[in-house]
Structures are given as C-alpha cells and as structure tokens.
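What follows is a set of notes on a single structure, which appears directly below.
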There are 2 protein chains.
Amino acid sequence: MFKSVLIAEDQEMTSISVRKTLEDLNITRAEYTYYCDDALMHIRKNLQGEAPFDLLITDLSFEEDHRKQEIAGGVELIDAVRKIAPNIKVLVFSAENKPALIDDLFKKHGINGFVRKARHDAKDLKLAIDALAKGRTYLSPDLKQSVKQKNTFEFTSYDITIISLLSQGTLQKNIPSYLQENDIKPSGLSSVEKRLNMMKEVLEFSKNEQLVAYCKDFGII
Amino acid sequence: MFKSVLIAEDQEMTSISVRKTLEDLNITRAEYTYYCDDALMHIRKNLQGEAPFDLLITDLSFEEDHRKQEIAGGVELIDAVRKIAPNIKVLVFSAENKPALIDDLFKKHGINGFVRKARHDAKDLKLAIDALAKGRTYLSPDLKQSVKQKNTFEFTSYDITIISLLSQGTLQKNIPSYLQENDIKPSGLSSVEKRLNMMKEVLEFSKNEQLVAYCKDFGII
DNA sequence: TATCGTTTTACGGTTTCCCGTATAAAAACC
DNA sequence: GGTTTTTATACGGGAAACCGTAAAACGATA
C-alpha cells in the first residue's frame with residue numbers, strides 16, 4: 001500500500017473526505033493542498049527526503065481567487081509533476097465525465113486512475129487506491145463503457161481548429177487566410193467546407209451550430 | 001442549535017463530510033439519503049414523530065441511475081418538502097454559481113441558506129448552519145456581490161428556446177413554424193432575427209455559433 | 001519524364017442568412 | 001374614441017454559406 005500521499009483539491013469538504021478515506025485505508029502519512037502550485041512545491045521538496053510521495057490524488061478544476069497561480073488546473077499539474085517525479089502514481093478525482101477528455105488523461109498525460117465524483121465515489125476511491133497500489137489502473141465503473149466505445153467519430157486537430165474558429169465567430173470564408181498564416185494545410189475554402197460536410201454527415205447533423213454544441217458537450221473544444 | 005437534520009446528497013464523499021461537519025457542531029441526530037424521493041419519504045415519516053427534522057441540507061443536481069425517481073432534482077425536492085413541512089429550514093449545498101438561479105432559490109423557493117461547494121466550503125457550511133439556527137439566512141461570501149449585480153445577460157426562456165433549436169439543427173427560417181405550433185409568441189421570423197441580433201450585440205458576438213458555444217459553456221442549454 | 005490516382009483548389013448556381021426599412025397590429029395614454 | 005408609443009410582421013437587396021463540378025497541384029510509380 002502507499003506510504004505517502006498528496007491531495008490536491010480546492011474544495012475543503014471533498015479534501016476532508018479524501019483524508020478520511022485514506023485513514024480508513026490505514027494510510028497515515030497524507031498531506032493536502034488547496035492550490036496546484038502548493039502541490040508541486042510539496043512534491044519537489046519531498047523528492048530527496050526520507051518519504052517522497054508515491055501517490056498524488058488531484059482534482060481537475062481549481063477555482064481562481066486572489067492568489068495568483070502558475071499552474072491553473074489539474075492537467076497542467078499532472079504534466080509538471082510527471083517531469084520531476086516520473087514514478088509517482090496519479091489518481092484523478094473529478095466530477096468530469098467527458099469520455100474524450102478522460103481518454104486523453106490516460107493516453108497523453110499518463111494518469112493511473114480516474115474516479116468520478118458521483119454516487120458511490122467513496123467506495124470507488126478506495127477501490128482505485130487499492131488497484132493503483134497493486135500496479136493496476138482504475139476507472140470508475142460507470143465510465144468504462146463510454147470511454148471504450150470511442151464515441152463515434154475521431155476529431156483531428158484540423159477539425160478542432162476549424163470548429164474552434166467557428167465557435168469564436170470567424171467567418172467560414174475567412175478561415176482559409178487563418179490556416180495559411182499558421183501553415184495549416186489544406187487551406188482552401190473548399191477543403192474546409194468538405195471537412196465540415198464530412199463531419200456533419202458522419203454525425204448526422206445538418207448545421208454548424210450542432211457541431212459546436214456537440215463538441216462543447218464532449219469537451220472537444 | 002438544530003436537533004435533527006436530513007442530508008440529501010448523491011455524492012457519497014460529500015455526504016460523509018457533511019455528516020462529519022454536523023458531528024463537529026455536536027448535532028448527533030442526522031440522517032442521510034442519496035435520492036430525493038428517499039429524502040421526502042424520511043421527512044414525511046418523521047413529521048408526527050418525536051423528532052421531526054428541523055433542517056434539510058440538500059444538493060441541487062442528482063444523477064440519474066437505475067432507480068427511477070419521482071423527484072428529479074433539488075429544486076423540486078425543496079418545493080415538495082415545503083408543502084408538507086413549511087417550517088423546516090432549507091440549506092442548499094451545491095456547486096452551482098449562477099447568480100440568477102441562486103437568486104430564484106431565495107425568492108421563489110424560499111430557501112434559508114446557500115453554500116457553494118468551493119474552496120472554503122467546510123467553514124462556510126458551519127457558519128451557515130449556525131446562522132440558520134439563529135433564524136438568519138446565509139449566502140456564501142463569494143456569491144454575495146455577484147447575486148446582486150445580476151451578471152452579463154439574462155436569457156429568457158424564449159432566447160433559450162431559439163438557441164436550443166439552432167443547436168439541434170433547425171433552420172432559422174423554420175423556427176417560426178415551430179414557435180407557432182407551440183404557441184410561443186412572437187413567432188415571426190423577423191422577431192427571431194431581432195432577438196438573435198440583440199443577444200449577439202449585448203455579448204459582442206457576430207455569429208450564432210458563438211452563442212451556442214457560450215450557452216453550452218455556462219450550462220444555459 | 002510520363003502517367004495514374006489522389007488531394008486540393010477554383011468557380012458558379014442555389015439556398016439560407018443577415019439587415020434595413022416599411023407596414024401592420026397591439027398596448028398605453030390622454 | 002383617437003392618438004401616440006411600442007411591438008410584431010412582411011418584404012427585399014446583398015452577403016455568406018452550401019453544394020456540385022471541373023480544373024489544377026501533388027505524389028507515387030515505372
């Protein structure tokens with residue numbers, strides 16, 4: 001089992017229950033921070049000490065307040081931590097439930113587990129910590145299907161660029177000039193139209209507004 | 001101080017910390033439910049008993065699962081509870097931070113306190129319970145300003161209908177026929193255009209796609 | 001280099017959207 | 001009841017988006 005755990009969570013109430021959960025698992029050495037910057041600092045400080053952290057439990061969204069932070073959210077914190085402590089296990093504890101996003105966390109940010117803040121999250125969290133301690137990964141049961149099934153369509157970065165521009169108010173006919181300036185190819189208006197049509201056909205949409213709504217819902221943009 | 005408290009909260013972790021908070025305040029008689037229907041049942045059952053509940057602490061959003069529920073969310077629960085137990089104090093504990101919505105809770109649904117799930121929510125919750133016990137109302141400090149200032153733009157149900165239709169792929173020119181079928185007035189195309197223009201002007205947008213993205217971001221649709 | 005196949009771009013016609021103005025209806029006021 | 005003010009609808013010209021087709025550019029291969 002883990003010897004030393006760090007909790008990065010800005011909600012006091014949730015932080016308290018996570019600590020209590022650790023106590024239940026007989027993990028006595030746990031520290032907690034309410035800010036991402038503090039979390040990174042704690043980890044850095046204990047790197048060479050007698051008891052470096054072997055598990056980080058972190059939220060994804062942290063609220064801004066008067067204290068200016070270098071690290072804005074959980075994803076950036078994970079990347080920063082991984083750079084200085086590659087072997088620490090990372091368990092994300094968040095209310096997020098967008099499959100595309102969670103998939104990314106495992107594949108691109110190398111997290112070891114994800115527990116969603118939901119009905120049985122206390123039990124879930126214990127199971128997750130246990131699984132991670134045994135070298136396995138963990139994903140909340142209610143998410144397992146949705147992440148696997150790879151929701152219908154794989155958006156390329158090109159697609160995301162186009163839809164983002166639309167959602168920011170860029171005129172379709174002005175997208176080519178933006179693409180050229182950023183050396184993105186193809187940049188022709190017809191190519192943009194073609195790609196949009198293709199996306200809409202696959203997803204059975206007829207309007208750009210639907211695409212934007214869809215991408216917002218699944219955290220793609 | 002309160003004698004008997006009921007907690008309606010679907011997240012196990014949060015429910016645990018709320019119970020712990022009550023213990024800290026020496027409130028020993030607390031029950032908890034993970035579903036709205038159960039909460040109403042508990043209150044109804046204890047109405048005539050020796051210790052009817054004098055405080056309800058409830059979340060707003062409850063997730064659906066296999067158990068079919070009559071009461072879908074916190075707002076409906078509050079209304080239902082108020083009908084059978086007009087004197088119970090109601091404290092909402094939620095991550096919600098839309099000023100318009102919170103304002104409504106106090107004015108139209110007669111809640112006594114609102115604590116936002118945020119950085120200092122544990123301290124906040126204790127202060128709130130104490131305030132309510134003394135017959136006062138309570139609102140999280142970070143919300144006090146924003147509720148007053150009624151931020152940005154107030155979407156009417158008419159606005160939301162229009163933007164929802166767009167996000168579902170309805171052609172703008174077909175919106176009038178939908179509005180007529182549902183007896184929504186005004187139903188003219190010009191009126192729809194006018195309203196869309198007005199929204200875009202206020203929010204400094206130029207395209208419908210931006211409106212859809214904005215409404216998705218703030219949970220308006 | 002020539003040829004084939006694919007991808008990208010250019011162009012034109014049609015539909016939809018955008019926006020201003022004019023008319024019609026309703027509400028408020030005297 | 002009549003007038004003013006506000007609100008809703010109708011219409012039309014121009015811009016943007018949509019969609020199919022044709023031409024051009026590109027890549028791989030021989």
Side-chain angles (χ1 to χ4, degrees), chain A residues 152-218 220-221, chain B residues 100 150 152-218 220-221:
Chain A
T152 56
F153 180 73
E154 192 78 15
F155 287 86
T156 68
S157 69
Y158 184 73
D159 300 331
I160 294 168
T161 304
I162 292 174
I163 298 174
S164 297
L165 286 171
L166 286 177
S167 76
Q168 288 157 25
T170 313
L171 250 37
Q172 206 160 299
K173 61 162 191 162
N174 292 336
I175 291 181
S177 61
Y178 173 91
L179 294 176
Q180 277 183 340
E181 285 164 20
N182 293 74
D183 289 322
I184 299 171
K185 280 188 290 189
S187 68
L189 180 57
S190 291
S191 300
V192 172
E193 290 173 341
K194 193 177 176 179
R195 195 72 201 160
L196 280 169
N197 280 336
M198 187 271 198
M199 288 190 269
K200 281 185 275 191
E201 192 186 359
V202 170
L203 296 165
E204 296 184 325
F205 292 161
S206 59
K207 308 230 60 206
N208 290 340
E209 283 92 333
Q210 287 174 287
L211 268 180
V212 171
Y214 181 88
C215 289
K216 281 288 179 191
D217 278 339
F218 289 97
I220 293 158
I221 60 171
Chain B
K150 284 266 183 194
T152 55
F153 179 74
E154 193 80 14
F155 287 86
T156 67
S157 69
Y158 184 72
D159 300 331
I160 294 167
T161 302
I162 292 174
I163 297 173
S164 296
L165 286 171
L166 287 177
S167 77
Q168 288 157 24
T170 313
L171 286 173
Q172 206 161 298
K173 62 162 189 159
N174 291 337
I175 292 181
S177 61
Y178 173 90
L179 294 175
Q180 276 183 338
E181 284 163 21
N182 293 74
D183 289 322
I184 299 170
K185 282 188 290 190
S187 66
L189 181 57
S190 291
S191 301
V192 172
E193 290 172 342
K194 193 176 179 180
R195 196 71 201 164
L196 279 169
N197 280 334
M198 187 270 197
M199 287 190 269
K200 281 185 275 192
E201 192 186 0
V202 170
L203 296 165
E204 295 182 326
F205 292 160
S206 60
K207 308 230 60 206
N208 289 341
E209 283 93 332
Q210 288 173 286
L211 267 181
V212 171
Y214 180 89
C215 288
K216 280 288 177 190
D217 278 340
F218 289 96
I220 294 158
I221 60 170

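No hydrogens, no waters, no symmetry mates; every other heavy atom, side chains included, goes into these values. Chain A is the first sequence line, chain B the second, and so forth, proteins listed ahead of strands; every chain is numbered from 1.
Among the nucleotides D:dC18, C:dT8, D:dT9, the one closest to the side chain of B:P186 is D:dT9. Listed nucleotides: D:dC18, C:dT9, D:dC19. Nearest to the side chain of A:K200: D:dC18. Comparing atom distances between the B:S190 side chain and each of C:dT16, D:dC18, D:dT9 picks out D:dT9 as nearest. If you check C:dT16, C:dT9, D:dC18 against the side chain of A:S191, the one that comes closest is C:dT9. Residue B:N208 places its side chain closer to C:dC18 than to any other of C:dC18, C:dT9, D:dC19. The side chain of A:E193 has D:dC19 as its nearest neighbour among D:dC19, C:dC17, C:dT8.
Going from atom CG of B:N174 over to atom C1' of C:dT16 covers 10 Å, rounded to whole Å. Distance A:K173 NZ to D:dC19 P: 19 Å, rounded to the nearest Å. Here the C1' atom of nucleotide C:dT16 and the CD atom of B:E209 are 13 Å apart, to the nearest Å. Here C:dT15 presents its C1' atom at 13 Å from CD of B:Q172, a figure rounded to the nearest Å. The distance between atom CG of B:L211 and atom C1' of C:dC17, rounded to the nearest whole Å, is 14 Å. Taking atom CG of B:L165 as the reference point, atom P of C:dC17 lies 12 Å away to the nearest angstrom. As a whole-Å value, the separation of A:E201 CD from D:dC18 C1' is 14 Å. In this structure, NZ of A:K194 is placed 13 Å from C1' of C:dA10, rounded to the nearest angstrom.
Sequence order on DNA chain D of the closest nucleotides to B:G188 and B:K207 puts B:G188 first from the 5' end.
A close approach under 4.0 Å does not occur between any side-chain nitrogen or oxygen of B:N197 and OP1 or OP2 of C:dC18.
In this structure, B:K185 reaches neither bases nor backbone, as no heavy-atom distance under 4.0 Å exists between it and the strands shown. Looking at heavy-atom distances under 4.0 Å, B:L171 makes contact with sugar-phosphate atoms alone, never a base.
The two residues A:Q172 and A:E193 have their closest heavy-atom pair at NE2-CG, 3.9 Å. Of all heavy-atom pairs spanning A:K216 and B:A213, the tightest one is CE-CB, 3.6 Å.
Between the side chain of B:T170 and the backbone N or O of B:L166, no donor-acceptor pair lies under 3.5 Å. At least one donor-acceptor pair under 3.5 Å links the side chain of B:S164 to the backbone N or O of B:I160. Using a distance-only test at 3.5 Å, with no hydrogens or angles considered, no donor-acceptor pair links the side chain of A:S187 to the main chain of A:I184.
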